[in-house]
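Report on the structure given below.
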Amino acid sequence: MTVRIATWNINSVTARLPKLLEWLESAAPDVLCLQELKCSTDAFPYDAVAELGYRTEAHGTGRWNGVAILSKLGFEDVVRDLPDQPGFLADDAMLPVVEPRAIGATCGPVRVWSVYVPNGREVDHAHYAYKLQWLETLRDVIREDAAGARPFAVLGDFNVAPTDEDVFDVAAFEGLTHVTAPERAALTALQEAGLQDVLPRPLKYDRPYTYWDYRQLAFPKNRGMRIDLTYGNKAFADAVTDSYVDREARKGKGTSDHAPVVTDLEL
DNA sequence: ATGGCAACACTTTGTTGA
């Protein structure tokens, strides 16, 4: 069977609902992993996407973060949060909070995680240590599925550019998060656990960036980054027939600052 | 030069994002 799986940091599913529905109709993925819902689990627009044939498993608490999986292939074994997922201790908080950044499910023949990896903010910030710890936990959680025979992938906003080629100008990121050696080592650890970076093709230019800042005409100037990734195990990667970044969805007003990444499989 | 865009909620300004 042919299966189309996509990931998209939507930057508010309520603000982006018209764009989401339009994209679901045109791209018609079987499974879509969303990040940055910016709404609670209850506030997700379930009915609107159900009219297009999708069931949804969402995980959100409100203003920040939030992840979901939309599926035309049903759901089994839905898991909210990574087992032993680290929390983040905010400046004004007494206790660390486990944020809604991961949801896993089996959709037909494929098991997926939709993940929104912490940003890290600055290299000397507690959020950066949190990011590395979060990625380490992810590595531990995916180990069994990564080594298994069932097609499996982690898709989402990893907030790490895997190589220098994945940012428009490496000099512009000197000393910043997203390109540091420890962050990239965390991605390498996922690969050592059995996952492969499914490199999408760009629809324009030479590199498949997935994120462009809203400011200073970054998109028309193609000052982008590739941080939205599809990490599949061998069974998944071997089944890939095509993968691309749908930069068309980044065009115009009222879009997310991320583009969807689409992967087609023959299973 | 700390802006610039966008979203959101508790402050219609401050926080977050990358």
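Side chains included, hydrogens not; waters and symmetry mates left out as well; all remaining heavy atoms used. These figures come from a predicted structure and were not determined experimentally.
Considering only heavy atoms from C-beta on, A:D197 comes within 4.5 Å of A:Y231 through its side chain.
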Check the pair A:E165, A:R226 against salt bridge (charged side-chain N to carboxylate O under 4.0 Å, His left out), reporting the backbone distance first and the verdict last. CA-CA 9 Å; A:E165 303 302 306; A:R226 185 172 76 96; over 6 Å; no
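Between the CG atom of A:L217 and the C1' atom of B:dA6 there is a distance of 15 Å, rounded to whole Å. Straight-line distance from the CH2 atom of A:W64 to the P atom of B:dC8: 12 Å, rounded to whole Å. Rounded to an integer number of Å, the gap from A:L37 CG to B:dG17 P is 15 Å. Atom CD in A:Q216 sits about 10 Å away from atom C1' in B:dC5, given to the nearest Å. The interatomic distance linking A:H127 (NE2) with B:dA18 (C1') rounds to 12 Å, in whole Å. For the pair A:L17 CG and B:dA6 P, the computed distance is 19 Å after rounding to whole Å. Put simply, NE2 on A:H125 is 14 Å from P on B:dA18, counting in whole angstrom units. Between A:D228 atom CG and B:dG17 atom P there is a gap of 15 Å when expressed in whole angstrom units.
Within the 4.0 angstrom heavy-atom criterion, no nucleotide atom of any strand lies near A:F173. Backbone-only contact: A:R16 has heavy atoms under 4.0 Å from sugar-phosphate atoms and none from a base. Among the heavy atoms of the strands lying under 4.0 Å from A:D157 are primed sugar atoms or P, OP1, OP2 only; no base atom is included. Here A:N9 lies in heavy-atom contact (under 4.0 Å) with sugar-phosphate atoms only. Using a 4.0 Å heavy-atom cutoff across all strands shown, A:I227 reaches sugar-phosphate atoms only and no base atom.
If you look at A:Y209 and A:F219, their ring centroids are not closer than 6.0 Å.
Comment: A:R4 engages A:D264 in a salt bridge, judged by a side-chain N to carboxylate O separation of less than 4.0 angstrom. Salt-bridge check for A:R150 with A:D145: passed, with a basic side-chain N closer than 4.0 Å to an acidic carboxylate O.
Distance check on atom P: B:dC5 versus B:dT11 gives 26 Å, rounded to whole Å. Rounded to the nearest Å, the gap between the P atom of B:dT2 and that of B:dC8 is 28 Å. Using atom C1' as the reference point in both B:dA6 and B:dT12, the two lie 15 Å apart (nearest Å). Rounded to a whole angstrom, the distance from the P atom of B:dA1 to that of B:dT13 is 27 Å.
In this structure, the side-chain hydrogen bond (donor to acceptor under 3.5 Å, both in side chains) partners of A:N65, at least two apart in sequence or on a different chain, are A:R101.
Dashed line: the shortest gap from a side-chain N or O of A:T14 to OP1 or OP2 of B:dA7 is not under 4.0 Å. A sub-4.0 Å separation between OP1 or OP2 of B:dA18 and a side-chain N or O of A:R215 is absent. Residue A:Y116 has a polar side-chain atom (N or O) positioned under 4.0 Å from OP1 or OP2 of B:dA18. One finds a side-chain N or O of A:H258 lying less than 4.0 angstrom from the OP1 or OP2 phosphate oxygen of B:dA18. Using a 4.0 Å cut-off, some side-chain N or O of A:R121 falls inside it from OP1 or OP2 of B:dG17. Contact annotation: A:N159 side-chain N/O to B:dA18 OP1/OP2 distance is under 4.0 Å.
Taking every side-chain heavy atom of A:N119 into account, B:dG17 is the closest of B:dA6, B:dG17, B:dA7. Comparing B:dG17, B:dC8, B:dA18 by their closest approach to the side chain of A:R101 singles out B:dG17.
Closest-nucleotide positions on DNA chain B for A:T177 and A:N11 were compared, and the one nearer the 5' end corresponds to A:N11.
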